[in-house]
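Residues take their numbers from the sequence shown, with the count starting at 1.
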Amino acid sequence: MFTGIVECMGTVVEFASLDTSAAGGNGASLAISGAKQILDDCHLGDSISINGTCLTVTEFTEDTFKVGVAPETLSRTNLGQLQKGDPVNLERALAAGHRFGGHFVQGHIDATAEITEITPDANSVWYKLCVKDPKLMPYIIPKGFIAMDGTSLTVCDVNDDEAWFTIMMIAYTQTHVIMPTKKIGDLVNIEVDMLGKYVEKVTTSILRGAEDGSSTTSYIEKIVQRVLEKGSSK
């Protein structure tokens, strides 16, 4: 679990499509440098978010670390496009007892979005992005959360018909994440708010049950009854 508050920016040392070393596991791997800030308490097997993607540390030094990248991850993210020298957003998995400054981010990328417009506004910048998978639009709502390359941001405008949304990035954030290095046409990893997915799953099951002849009202009444019973037992 992550928060979408980027801890530091690292640099790609190497992206190997076939890494035959023990740490590579005979698959794709990604090596990152400039990560000393987040490696002081690192262990093999730990989770680190790279551009919003939860990946497992397979090797590390004081300043660098390596992760394996599965084919499914490559198909859903922009990680396969990374080249030596590219900056990346980094965040360790959330530790218990820390302030939760962003939102619930799993590090499971839903799809990529393409930057179609970049518009400066005083010391802030507006970004307009077109979502590659329009099925995600119901989960993207004005003033809702979205994680872009692992950065927790607030959605501004949404157009469901044309599958685009906008975000506005303040000056402080611009200096602490990789978004300002992007240009029009670049792809950004996005993860929509998982709470919306859970709500849809539950309500869809309830409605499906109603279509099958069971009562949605009785289901809700049972929930209310259980709440009342727990309250009266205290």
What pair of heavy atoms forms the shortest contact from Cys8 to Gly34, and how long is it? SG-O, 4.4 Å
Steps toward side chain to side chain donor-acceptor pair (under 3.5 Å) verdict (Ser21, Asp19): CA-CA 6 Å; Ser21 69; Asp19 187 340; 2.6 Å; yes
With a 4.5 Å cut-off on side-chain heavy atoms, are Ile184 and Ile118 touching? yes
Can you find a pair of side-chain heavy atoms, one from Lys143 and one from Val155, that are under 4.5 Å apart? no
Identify whether the distance between the nearest side-chain nitrogen and carboxylate oxygen of Asp40 and Arg92 falls below 4.0 Å. yes
What's the shortest heavy-atom distance between Ser152 and His103, and which atoms? OG-ND1, 2.7 Å
Given side chains that start at C-beta, do those of Val12 and Leu30 come closer than 4.5 Å, heavy atoms only? yes
Do Ile48 and Leu39 have side-chain heavy atoms sitting under 4.5 Å apart? yes
When you measure from the side chain of Glu91 to the backbone N and O of Gly4, does any donor-acceptor pair fall under 3.5 Å? yes
Between atom OG1 of Thr119 and atom OH of Tyr127, what is the distance when rounded to the nearest 0.5 Å? 10.0 Å
Hey, does Lys182 have a side-chain heavy atom less than 4.5 Å from the side chain of Leu187? no
Please work out whether the ring planes of Phe100 and Phe104 are parallel, tilted or perpendicular, with thresholds of 30° and 60°. tilted
Are Thr56 and Val67 side-chain neighbours, meaning at least one heavy-atom pair lies under 4.5 Å? no
Beyond-backbone contact of Glu7 with Leu90, side-chain heavy atoms, under 4.5 angstrom: no
Could you check if a side-chain atom of Tyr139 sits within less than 4.5 angstrom of a side-chain atom of Lys197, using non-hydrogen atoms only? yes
